[in-house]
Amino acid sequence: MSTAIIVGLGNPGNRYRDTWHNAGFWIVDRFAGNAALSFRSGRSDYHYAKGEWEGSSVLLVKPTTFMNLSGHAVADVLNFFNGDPSQLFVIYDDHDLKLGSLRIRRSGSDGGHKGVRSIIECLGTQVFNRLRLGIRPADGVSGNLVNKVLSAPPDDLRKTIDEISDRAVQAVECYIKSGIVVAMNQFNRVQTDSDSSL
C-alpha cells in the first residue's frame, strides 16, 4: 500500500504560527487532529505523524527549516521513508489566488513561492502533487507582500479561515481516498462572489 505523504509548508516557531504563510501547517495540523495522529520530531529538520486514516497509509510532514529551505526537509523525508515525489501532496499558501480558492495540480513551476522553489531545486523535478490555498483578499494586496504573508489574518476573518481550512482538509481526504484526478475535478471549481461567505 503506497503511503500518501502530505507536506504542509510554513515557518517554525510561535512568531509565525498564525501567519498566512503557515497555511500549509494549519491544514496538516487540522487533518492530524481529525485523524487522531500525533506529530513527533524526525531524524532531520521536520516533524512528522505517521499512521492509517480510513484504511490508507498516511505520512504528515511539517518542515522545521524556514520556508525557503523546505526542500531539504522534504528530500530528507523521502530518503528516510524510501518515498518518491509521486507520493507527495504539498500544501501551501498562494497570494495569486482569491481568498478561499483551492487549486490542485500535478506539476508546475514554483509560481514565486520560495518553499515550492526549494522543493523543486532539491528534488530536481516539478512533478509532484500540490494544493494551493488562496489568501488574496477581495481588495487585493496593498503594501509589502512579505509583510502581508508574515502577518496574521484579522480577527474578522477567523470564521472564514476555519471554513477554508475545513474545505482544504476535505480536499486532502479526497486525494487520499480517490486520487489526484478526482480531487482536481471536485475542488478546482471557480470561486464566485456568491459562494457562501468566502
Side-chain angles (χ1 to χ4, degrees), residues 4-13 15-31 44-48 59-78 83 85-138 140-153 157 160-161 164-165 167-169 171-172 175 180 183-184 187-188 190-191 198:
I5 304 175
I6 313 298
V7 180
L9 297 188
N11 285 307
R15 176 182 175 185
Y16 301 104
R17 183 183 60 193
D18 297 322
T19 63
W20 289 108
H21 221 22
N22 275 33
F25 281 9
W26 303 347
I27 306 311
V28 293
D29 281 340
R30 188 168 293 223
F31 180 92
S44 182
D45 295 322
Y46 59 87
H47 291 158
Y48 75 98
L59 174 63
L60 309 179
V61 178
K62 296 190 295 184
T64 55
T65 61
F66 283 95
M67 181 67 82
N68 62 356
L69 296 175
S70 299
H72 296 280
V74 173
D76 286 343
V77 167
L78 294 184
S86 65
Q87 295 170 255
L88 291 174
F89 194 59
V90 180
I91 308 169
Y92 58 97
D93 62 292
D94 193 328
H95 58 79
D96 289 333
L97 293 178
K98 178 182 174 182
L99 179 64
S101 295
L102 303 179
R103 292 293 182 274
I104 299 172
R105 299 180 66 186
R106 290 187 280 192
S107 63
S109 69
D110 59 61
H113 194 285
K114 291 183 179 179
V116 178
R117 181 180 305 164
S118 177
I119 294 173
I120 291 171
E121 290 174 350
C122 289
L123 299 187
T125 181
Q126 295 185 356
V127 183
F128 54 85
N129 303 314
R130 74 278 306 266
L131 168 60
R132 299 153 58 204
L133 286 75
I135 65 168
R136 188 184 75 242
V141 177
S142 59
N144 185 282
L145 180 60
V146 173
N147 291 339
K148 158 69 179 179
V149 298
L150 293 181
S151 66
L157 284 181
T160 298
I161 296 299
I164 294 168
S165 298
R167 193 149 52 87
V169 169
V172 174
Y175 165 75
I180 189 70
M184 289 170 66
F187 290 92
N188 282 359
V190 176
Q191 188 81 30
L198 301 182

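Two residues are said to be in side-chain contact when any heavy atoms from C-beta on lie closer than 4.5 Å; F187 and R167 meet this criterion. No side-chain heavy atom of H72 sits less than 4.5 Å from a side-chain heavy atom of D45. Contact of the Y46 side chain with the V74 side chain is not registered, since no non-hydrogen atoms from C-beta on lie closer than 4.5 Å. In this structure, the side chains of M184 and I180 come closer than 4.5 Å at one or more pairs of heavy atoms. The shortest distance between side-chain heavy atoms of V90 and L9 falls below 4.5 Å. Between R136 and L99, every side-chain heavy-atom pair lies at or beyond the 4.5 Å cut-off. Proximity of I119 to F128: side-chain heavy atoms (C-beta onward) are separated by under 4.5 Å at one or more points. Put simply, the side chain of L123 reaches to within 4.5 Å of the side chain of L88, judged on heavy atoms.
Here the side chain of S118 pairs no donor or acceptor atom with the backbone of G115 at under 3.5 angstrom. D110 places no side-chain N or O within donor-acceptor distance of the main-chain N or O of V116, the cut-off being under 3.5 Å.
Distance check: L157 CG to I164 CD1 gives 7.5 Å after rounding to the nearest 0.5 Å. Rounding to the nearest 0.5 angstrom, the gap separating the CZ atom in F89 from the CG atom in L131 is 4.5 Å. Rounding to the nearest 0.5 angstrom, the gap separating the CD atom in Q87 from the CG atom in N129 is 10.5 Å. Taken to the nearest 0.5 Å, the CG atom of D96 stands 11.5 Å off from the OG atom of S101. Here the CD1-NE2 distance, from I120 to H113, works out to 11.0 Å after rounding to the nearest 0.5 Å.
Residue L133 is tested with I161, I91, D94 for a side chain to side chain contact (heavy atoms under 4.5 Å, CB included); the sole match is I91.
Not counting sequence neighbours, the partners of F31 by the ring pair (Phe, Tyr, Trp, His ring centres under 6.0 Å) test are W53.
When all heavy atoms of S70 and M67 are compared, the pair lying nearest together is OG-O, 2.7 Å. Between F66 and P12 the shortest heavy-atom distance is CD2-CD, 3.9 Å.
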Side-chain donor/acceptor pairs under 3.5 Å, residues 21-28, sequence neighbours excluded:
{"unit_1": "H21", "atom_1": "ND1", "unit_2": "D93", "atom_2": "OD1", "d": "3.0"}
{"unit_1": "H21", "atom_1": "ND1", "unit_2": "D93", "atom_2": "OD2", "d": "3.0"}
{"unit_1": "N22", "atom_1": "OD1", "unit_2": "N11", "atom_2": "N", "d": "2.8"}
{"unit_1": "N22", "atom_1": "ND2", "unit_2": "N11", "atom_2": "O", "d": "2.9"}
{"unit_1": "N22", "atom_1": "ND2", "unit_2": "Y16", "atom_2": "O", "d": "3.1"}
{"unit_1": "W26", "atom_1": "NE1", "unit_2": "R17", "atom_2": "O", "d": "3.2"}

